[in-house]
Amino acid sequence: MTVAEHERLPEVTERNPSLEAKLHAMWESAPGLRGWLSTVDHKEIGVLYLVTAFGFLVAGGIEAVFMRLQLSGPNQHLLTPEQYNQLFSMHGNTMIFWYAFPVLSGFSNYFWPLLLGARDMAFPRLNAFSYWVFLASGIFVYCSFLIGAAPNDGWFNYPPYGSREFNPGPNIDFYLLGLIFFGISLTAGGINFVVTTLRARCPGMSVNRFPIVIWGTLSANAAGLLAVPTVSAACLMLWLDRNFGTHFFNAANGGQPLLWQHLFWMFAHPWVYMIVLPAMGIVSDALPVFCRRPLVGYTAVALSTVVTMMIGFGLWVHHMFATGLPVLGMSFFAATSILISLPSGVQLFSWLATIWTGRPVFTTAFYFFAGFIVLFVIGGVSGFVTGSVPVDWQLTDTYWVVAHIHYVLIGINLFPVVGAIYFWFPKITGRMLDERLGKLNFWVMFIGFNLGFFPMHFTGLMGMPRRIYTYPAGLGWTTLNVITTVGSFILAIGILLFFINVLISLRRGAIAGPNPWDAPSLEWSVPSPPPPYNFAVIPSVASRHPLWEERLQEADGTSVLDRGLVLDHHHETLAVTAMDGEPDLILKMPSESYVPISLTLCISALFAGLISHWWWLAAAGTVVGIGVAIAWLWPLPEAGQREAPADV
Amino acid sequence: MDRNRRAEKASSRPDEKTGTSAQLQKLDRATGRISLAVFFLLSASAPARADAPMAYTVGFGARNFPVVNLLWALLIVSLLVILIVTGLVIAGVLRPRDVPRSTDPRLVPLERPERGLAWIYIGTAISAAVLVGAAIWTFSTLAAVSGPPRDAKVKIHVIGHQWWWEVRYDSDDTSRIFTTANEIHIPAGEPVRVELSSVDVIHSFWVPQLSGKTDLIPGQRNDTWIEADRPGTYRGQCGEYCGLQHAHMALAVISEQPAQFQSWWTHQLEGPPASQTETVAAGETNFIAKCGICHAVRGTTAGGRLGPDLSHLMTRQTIAAGTLPNTPGYLSGWIADPQHIKPGNLMPLLDLSGAQLAAIRQFLENLK
Amino acid sequence: MSDVFPYRPPLPMGSIGLRSSGFWGMAFLVLSEASLFAYLFFSYFYFSVQPHPGPWPPSGPPDLSYALGQTATALIGCGTMWWADRSAAVADRSGLLLGLGASLALVVAFIVLQFLDWYAKPFSLATDPYGSLYFTTTGVHLGHVVAGLIMMAAVLLWSLLGYFGPVRHAPVTITAFYWYFVAVIWLAVFFTLYITPYLA
């Protein structure tokens with residue numbers, strides 16, 4: 001048959017050692033530091049994300065330790081009010097922005113191409129770029145500590161307290177510019193995940209065969225594309241108010257402080273679903289492995305993931321119930337806030353059914369996932385109670401809400417994340433984490449967390465407001481605060497045990513084969529750790545559980561993992577049609593490049609110039625950055641981006 | 001009595017079982033934690049205790065009764081949900097299976113049992129029913145407490161400052177309008193309309209045992225109402241982060257019999273008693289010179305509006321927005337160094353000699 | 001299906017038209033940027049429905065002369081970009097270059113008109129909330145226009161270097177698509193800032 005110049009009849013072959021060697025040489029990164037700075041390998045980027053996110057977790061945890069010490073008794077003077085305010089603000093910012101979402105991006109980055117049967121993400125350089133910008137934006141905000149001017153208006157940063165008049169230093173500017181900076185990473189990552197899911201999959205990977213973590217991360221990243229711009233807009237507006245005298249939020253000149261709250265929460269409410277839905281997806285995929293049965297109600301769970309995210313856009317006013325808005329409007333948002341419990345509930349019942357009708361296997365990962373379910377419910381009901389407007393008028397801005405947010409953040413993000421590490425560590429490193437230490441890790445974390453945070457429900461009911469650096473004796477708050485401080489320290493020890501387990505097992509963990517858990521999805525069909533090219537031949541799938549389908553006997557066809565498209569002319573993977581997963585195009589990918597980190601440095605110069613008002617630096621960063629961006633987008637013949645390719 | 005026995009019974013359950021496996025420890029912990037929860041909740045339901053003045057699990061007044069009931073209902077539902085789901089998780093994990101328990105998935109066979117979806121259907125149906133009930137109760141409570149049950153005869157205007165409360169009593173008779181600070185008196189058994197605004201940042205007016213929060217937002221006028229059904233003192237605190245001394249921005253609402261309330265109002269309109277001693281007179285002069293820029297005292301020429309109105313200061317129980325008791329010692333200490341107790345607040349360190357400080361204090365102590 | 005390799009026909013390779021990853025990436029970037037403008041318009045309308053001491057806009061409905069010119073350049077630019085893309089697809093090199101050149105000139109004209117409009121305003125960024133909203137919204141849009149200008153310049157350079165042919169000219173298609181987006185957003189800005197004051 002005639003093959004046009006821009007087409008190719010791709011070869012199909014069996015997996016074989018010489019092919020693997022050829023692909024290995026083609027795909028592996030440069031050694032050492034050079035390799036890390038120029039990598040576009042999604043697995044290395046995933047590891048960078050995970051390690052960096054855990055670094056921010058530790059930073060946020062240290063901030064919390066100081067806070068808890070200050071609050072461990074009435075009228076203490078360990079911290080000045082300004083120090084406490086900076087610490088609680090940065091604790092929130094660090095955990096909610098620089099830990100909670102990037103850690104999930106780390107898993108998604110590492111595993112998506114493996115789960116979807118691809119060799120890499122759709123945009124490898126954009127992938128690296130989104131990591132470097134995440135790191136740079138975190139460093140940017142933390143530089144504020146070096147001059148004692150960290151953001152001090154909470155993670156929600158309300159004006160007028162955030163305006164120049166009441167906050168003359170650069171503290172708030174670090175927050176505003178830092179979030180805009182971070183937003184670049186989120187948008188880049190969001191585009192990458194969405195396009196990868198829609199395009200870079202293996203044949204047969206139709207949408208109803210996605211692992212649930214794909215649904216969760218896809219929903220989260222698609223939502224991010226729509227939600228992040230509003231916080232960028234709000235931050236731009238407040239930055240202009242503070243630096244150029246605009247009047248968006250200053251009431252004296254007709255500005256509207258409440259507009260900030262609308263814009264911020266229109267971002268931040270979807271955001272809180274973005275930081276839990278991927279983690280819930282991980283549980284939906286990994287829990288069934290340890291229950292020895294497929295997830296109950298896959299379709300219901302996948303749909304309710306998407307529906308939860310969508311409804312999540314319609315809830316934001318429940319953060320503003322006390323601001324004097326009309327009752328009718330608030331009632332609508334109370335209704336949606338109560339309604340969203342339903343799709344979340346669907347996932348809960350699915351997990352319960354999977355455990356109940358399955359055969360539990362008592363691994364550490366399973367403990368984390370089972371424990372997560374209890375924490376999920378506690379976090380969920382404490383949120384449900386605040387959805388009731390008149391009750392929220394009491395609960396809001398008290399420690400009840402602090403209890404709620406920690407149950408949903410630690411319970412629905414951190415616990416599944418740690419469980420996911422226990423699950424996927426063998427795949428990433430080729431070694432098993434120690435199970436005995438793991439079980440100890442779980443119990444210390446679980447007990448410490450509940451001891452620390454369950455009493456906060458009562459502290460809240462006893463009327464202790466949030467964001468206060470001290471409190472008087474005699475209000476009934478002291479004992480509860482002491483218990484919380486003790487519990488939080490135990491939780492910190494638990495997290496320390498986790499790090500110890502990781503460090504020990506990296507050196508001395510038992511060697512794991514490709515599939516130590518006998519799990520069903522594609523990442524377990526490759527060696528541990530995976531080779532740089534992931535799959536020697538592109539697999540084809542015929543069911544949701546390629547590695548289980550023979551035993552379950554429920555697929556119409558057979559997944560074929562040992563034979564498939566070779567795609568070894570360059571860095572290549574397959575693009576498929578969006579819904580059905582039929583082969584559509586051979587995607588040609590760039591290999592390693594210093595462009596992503598270079599552009600990040602230019603953007604860092606831009607933001608450094610903006611915060612310090614060194615406009616020449618900002619301009620230089622912009623101009624050089626434009627040059628780097630053009631170099632990035634320069635059409636490459638080997639990527640098939642312009643005519644006369646070097647080799648077909 | 002009853003609740004202690006119940007708590008004991010709950011925590012004694014694990015002793016009946018044998019076995020020391022980690023799974024049973026899980027049950028033990030969960031039960032222990034839950035019984036602790038029950039104990040705390042039930043003990044919080046006692047009538048307002050002096051050691052829990054900010055707890056809103058109890059309420060006094062027409063605005064709070066429906067909310068407290070709804071709160072308790074939601075708490076009980078929540079607790080039941082937690083208990084049921086935790087029970088299902090534990091039972092689901094521990095119940096006997098046809099194959100021995102293992103820590104290695106490769107040793108446990110795969111299967112896809114047909115049943116399972118029923119969980120989702122039944123669970124969602126029950127949840128929906130509960131949620132709809134909660135929503136309906138919420139809306140009816142909201143309707144009940146949004147506006148006062150009858151027209152409020154007393155209207156006050158609360159203006160938020162960093163970090164104190166300006167309170168202005170309105171009246172159709174302009175001679176009866178006056179301003180005070182940080183302590184609000186209301187007549188018991190009557191609704192009081194409260195208008196809220198702010199001169200600087202966002203604050204929130206919150207007296208937990210009388211009403212939920214309403215924000216004070218600059219450029220915006222919010223309206224709320226409170227009512228106390230019986231005389232008493234109710235503590236409040238700013239409920240929206242407002243800067244350095246957000247932690248020390250408390251207020252007190254004192255409800256009195258209507259007759260007492262009226263006589264308090266009339267007394268507030270008067271000026272201070274004529275100075276009787278030289279020290280008090282000297283204190284007044286010093287006060288006007290050093291403090292009058294920011295503070296006002298009715299009946300003197302001190303008319304500053306930047307700080308709290310200090311007329312009849314001695315009728316108040318606390319100073320510095322509920323931070324310190326109103327005693328001579330604390331008052332002296334506060335004036336001598338406001339930054340020590342409330343660092344960052346807007347009252348500067350004044351350069352006062354010992355004599356000046358004593359004179360000013362005596363003048364203030366005369367403001368009965 | 002027993003045969004899991006149904007792809008008897010050959011597969012295209014690399015970045016080709018609407019199947020290129022670059023196009024998909026641009027499509028989602030456009031979605032995100034469009035929502036940014038939606039939030040800016042939300043802010044504008046939020047302010048416009050507040051009680052005002054005077055009229056809204058404070059200096060009266062804005063003068064339309066420059067804005068109409070900008071609308072014209074934006075829409076004609078869509079036409080010239082479409083023509084450039086079509087020329088690339090039929091290997092018409094001169095059409096491609098002329099189309100890109102004309103688009104570039106129109107974009108420059110748009111930017112000049114925007115600056116003239118700004119200069120002629122009786123208020124500034126810091127006068128009042130309306131001024132802040134006006135300059136921020138049109139300024140953010142102008143930023144996107146400048147990005148389009150840079151893209152067109154790069155694509156023109158690559159076209160001059162002969163990189164594009166009838167099959168592989170994805171950057172032209174993608175840049176044209178981006179410009180359509182910028183033009184549509186301009187129509188929304190025009191309607192919100194310039195037309196709605198006349199309708200009120």
Side-chain angles (χ1 to χ4, degrees), chain A residues 80-81 154 158 160-161 166 251 257 292-294 296-297 300 322-324 327 331 334-335 338 341-342 345-346 349-350 352-353 355-357 359-363 370 373-374 377-378 381 385 388-391 393-394 397 450 458 461-463 465 467-470 475-476 517-518 548 551-552, chain B residues 33 40 51-52 54-57 67 70-71 74 78 81-82 85-86 88-89 92-93 97 99 102-103 105-106 108 110-113 115-117 119-120 123-124 127 131 135 138-139 141-142 145-146 201-202 204 208 212-215 217-219 222 237 239-241 243-244 246-247 343-344:
Chain A
T80 67
Y158 287 174
Y161 187 56
F166 300 101
R292 310 312 289 150
R293 62 149 297 159
V296 170
T323 57
V327 166
S331 302
I338 291 174
S341 316
L342 278 178
V346 166
F349 301 124
S350 161
L352 288 175
I355 293 179
W356 200 279
T357 61
R359 300 182 171 110
V361 179
F362 294 87
T363 58
I373 296 177
V374 175
V377 166
I378 298 175
V381 295
V385 176
S388 172
V389 179
V391 171
W393 287 337
Q394 296 285 19
D397 262 288
N450 284 295
F458 303 112
L461 290 172
M462 297 287 274
R467 304 160 182 159
I468 55 175
Y469 76 98
T470 188
L475 295 178
W517 308 122
D518 189 18
W548 280 2
R551 283 172 281 172
L552 292 176
Chain B
R33 181 166 51 68
F40 266 113
D51 57 344
M54 295 283 287
Y56 45 86
T57 43
V67 180
L70 177 58
L71 170 67
L74 296 177
S78 302
V81 169
I82 295 172
V85 172
T86 307
L88 286 172
V89 170
V93 167
R97 300 304 202 284
V99 294
S102 175
T103 56
R106 290 171 293 197
V108 182
L110 284 178
E111 201 186 333
R112 185 200 285 276
R115 63 205 187 282
L117 275 182
W119 282 76
I120 297 181
T124 306
S127 309
L131 292 172
T138 292
F139 296 139
T141 305
L142 190 55
V145 303
S146 300
V201 301
I202 300 179
S204 197
K213 301 175 188 67
T214 310
D215 287 351
I217 301 174
N222 279 343
Q237 190 161 338
E240 183 61 64
Y241 177 63
L244 283 168
H246 169 61

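Chain identifiers are assigned alphabetically (A, B, ...) following the order of the sequence lines, protein sequences preceding nucleic acid strands; residue numbering begins at 1 within each chain. Just so you know, these numbers use all the heavy atoms, side chains as well, and skip hydrogens, waters and symmetry mates. As the structure is a computational prediction, the values presented were derived from the model and not from experiment.
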Item to complete: Output the option from B:A135, B:G239, B:G219, B:G344 having the highest count of non-hydrogen pairs under 4.5 Å with chain A.
Response: B:G239
Worksheet item: Among B:T214, B:V108, B:L117, which residue forms the greatest number of heavy-atom pairs with chain A at distances under 4.5 Å?
Response: B:V108
Discussion item. Could you tell me if the side chain of A:R293 sits less than 4.5 Å from the side chain of B:R112, heavy atoms only?
Written reply: yes
Worksheet entry | Pairwise side-chain contact, B:E240 with A:R467, heavy-atom cut-off 4.5 Å (strictly under) | yes
Discussion item. Among A:T80, A:I373, A:V377, which residue has the highest count of heavy-atom pairs closer than 4.5 Å to chain B?
Written reply: A:V377
Item to complete: Over all heavy atoms of both residues, which pair between B:P105 and A:V361 is shortest? Give the atoms and the distance, please.
Response: N-CG1, 3.6 Å
Response to the item:
Output for pair (A:Y158 OH, B:I202 CD1), nearest 0.5 Å, gives 7.0 Å
Worksheet item: Which of the residues A:L475, A:I338, A:V385 is involved in the greatest number of heavy-atom pairs with chain B at under 4.5 angstrom?
Response: A:L475
Response to the item:
Looking only at heavy atoms, the pair that brings A:P257 and B:P218 closest together is CG-O, 3.9 Å
Worksheet item: Are the side chain of B:D215 and the backbone of A:G324 linked by a donor-acceptor contact shorter than 3.5 Å?
Response: no
Worksheet item: Which pair of heavy atoms, one from B:V89 and one from A:A370, lies closest together, and at what distance?
Response: CG1-O, 4.0 Å
Worksheet item: Do you know which two heavy atoms are closest between B:T138 and A:P390, and how far apart they sit?
Response: CG2-CD, 3.9 Å
Worksheet item: Considering only heavy atoms, which portion of B:E111 lies under 4.5 Å from any heavy atom of chain A: side chain, backbone, both, or neither?
Response: both
Discussion item. For chain A, which candidate among B:G116, B:P343, B:P113 shows the most heavy-atom pairs at distances under 4.5 Å?
Written reply: B:P113
Worksheet item: How far apart are the closest heavy atoms of A:F349 and B:G123, and which atoms are they?
Response: CE1-C, 3.1 Å
Worksheet item: Is the shortest heavy-atom distance from the side chain of A:D397 to the side chain of B:S204 under 4.5 Å?
Response: no
Discussion item. Between A:R359 and chain B, with a heavy-atom cut-off of 4.5 Å, which part of the residue counts as in contact: side chain, backbone, both or neither?
Written reply: both
Worksheet item: By a 4.5 Å heavy-atom criterion (distance strictly below it), what part of B:Y56 contacts chain A: side chain, backbone, both, or neither?
Response: both
Item to complete: Would you give the length of the straight line joining atom CE of A:M462 to atom OG1 of B:T57, rounded to the nearest 0.5 angstrom?
Response: 7.5 Å
Discussion item. Would you say that B:I217 contacts A:T323 through its side chain, given a criterion of any heavy-atom pair below 4.5 Å between the two side chains?
Written reply: yes
Discussion item. Can you classify the ring geometry of A:Y161 versus B:Y241 as parallel (below 30°), tilted (30 to 60°) or perpendicular (above 60°)?
Written reply: perpendicular
Worksheet item: Taking side chain as C-beta onward, heavy atoms only, is A:Y469 less than 4.5 Å from B:L244?
Response: no
Fill in: Min side-chain heavy-atom separation B:L74-A:S388 under 4.5 Å
yes
Item to complete: Report yes if some heavy atom in the side chain of A:R292 is under 4.5 Å from a heavy atom in the side chain of B:V99; otherwise report no.
Response: no
Item to complete: Calculate, to the nearest 0.5 Å, the distance between atoms CG and CD1 belonging to B:L88 and A:I355 respectively.
Response: 10.0 Å
Item to complete: Heavy-atom pairs under 4.5 Å with chain B are the metric here; pick the option from A:D518, A:T363, A:L342 that has the most.
Response: A:L342
Worksheet item: Can you tell which of A:P81, A:S341, A:A251 has the highest number of heavy-atom pairs within less than 4.5 Å of chain B?
Response: A:P81
Worksheet entry | Pairwise side-chain contact, B:L71 with A:L461, heavy-atom cut-off 4.5 Å (strictly under) | yes
Response to the item:
Residues B:S146 and A:V327: closest non-hydrogen pair is OG-CG2, 3.6 Å
